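To start, the structure under review is shown below, and the notes come after it.
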Amino acid sequence: QPAAALPDPVLRAEMMDIWLTTECEVSRLRNDLQATLPRDIQILNVEQVDDRVPPLQTQVIAAEYEATLPDEFASDLTSRLSAVMDAESLPRERRGKPYDLRPLIESLEAAPADGSGKRRLFMRLTARAGATGRPEEVLSALEIPPESVRVERTRLIFQG
């Protein structure tokens with residue numbers, strides 16, 4: 001049976017490594033790249049780094065997400081969050097391998113309903129080699145169907 005398709009997350013916090021074959025001024029590179037992108041994609045920062053340092057993606061230690069929840073899950077959200085955060089373990093399986101989701105959840109916090117009455121959930125999930133917290137797994141542990149939630153990654157946290 002095919003798995004339900006998850007909605008594509010909106011990414012506010014994305015990164016990339018670029019290797020150039022010729023020298024280029026950082027501000028010019030930023031402007032040139034920005035000129036090629038759609039208006040709704042903004043480059044916030046460009047930095048030159050030593051090519052001997054590890055790639056950016058290997059330096060991510062956590063990510064923060066914001067999830068906008070359907071109304072039907074707003075009423076008992078606090079008790080759902082407590083159950084997950086108080087759990088000693090949250091056994092899961094990914095790609096046929098068992099793992100424990102609980103140590104990958106650094107924090108879960110519900111925000112009061114906004115002006116439209118929607119509840120938001122903030123998640124900070126660990127990212128490390130071989131074990132990365134995923135928002136859809138957290139939503140499943142909260143017994144909230146991931147396909148009914150809009151999830152946006154809002155920040156990447158780097159080591160050091």
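What's counted below: heavy atoms across the whole structure, side chains too, no hydrogens, waters or symmetry copies. In this text, all values refer to a predicted model and were calculated from it rather than measured experimentally.
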Once you round to the nearest 0.5 Å, how far does [atom1] of [X] lie from [atom2] of [Y]?
X	Y	atom1	atom2	result
Y99	R94	OH	CZ	4.0 Å
S107	L81	OG	CG	10.5 Å
E23	L29	CD	CG	11.5 Å
L142	L77	CG	CG	7.0 Å
R124	I157	CZ	CD1	4.0 Å
E66	R155	CD	CZ	14.0 Å

For residues I18 and L37: do they belong to one hydrophobic cluster (side chain heavy atoms under 4.5 Å, members Ile, Leu, Val, Met, Phe, Trp, Tyr)? yes
Out of curiosity, does V49 fall in the hydrophobic cluster containing L20 (side-chain heavy atoms, cut-off under 4.5 Å, transitive links)?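 No: no chain of side-chain contacts under 4.5 Å links L20 to V49.
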Does a side chain donor of either [X] or [Y] reach within less than 3.5 Å of an acceptor in the other side chain?
X	Y	value
S27	E25	yes
Q34	D32	no
T126	E106	yes

Is the side chain of [X] donor-acceptor paired with the backbone N or O of [Y] at a distance under 3.5 Å, no angle test?
X	Y	answer
R30	I43	yes
T58	P54	no
E143	S140	no
R153	A63	no
R150	A67	no
D17	L56	yes

Determine whether [X] and [Y] make a side-chain contact, defined as any pair of heavy atoms from C-beta on separated by less than 4.5 Å.
X	Y	result
L90	I105	yes
L139	V151	yes
V149	L69	yes
F122	L108	no

At their closest point, which heavy atom of [X] faces which heavy atom of [Y], and how far apart are they?
X	Y	value
A141	R92	N-NH2, 3.3 Å
P145	S148	O-OG, 2.7 Å
P91	D100	N-OD1, 4.2 Å
Q159	I61	CB-CG2, 3.7 Å
R102	A87	CG-O, 3.4 Å

Determine whether Y65 and T154 satisfy the following criterion, side chain to side chain contact (heavy atoms under 4.5 Å, CB included), listing intermediate values before the conclusion. CA-CA 5 Å; Y65 299 88; T154 58; 5.9 Å; no
Between T132, L101, L104, V138, which is the residue that forms a side-chain contact (heavy atoms from CB on, under 4.5 Å) with L125?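 Single pass found, and it is V138.
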Listing request: all side chain to side chain donor-acceptor pair (under 3.5 Å) pairs with a residue in residues 48-57, at least two apart in sequence or in separate chains.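 Matches after skipping sequence neighbours: D50-R52.
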Test E136 against E147 for side chain to side chain contact (heavy atoms under 4.5 Å, CB included), laying out the working first. CA-CA 8 Å; E136 65 273 13; E147 63 274 3; over 6 Å; no
Considering only residues two or more places apart or on different chains, which pairs with a residue in residues 77-86 satisfy salt bridge (Lys or Arg N to Asp or Glu O under 4.0 Å)?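 As it turns out, the salt bridge (Lys or Arg N to Asp or Glu O under 4.0 Å) pairs with a partner in residues 77-86, which skip direct neighbours, are D76-R80.
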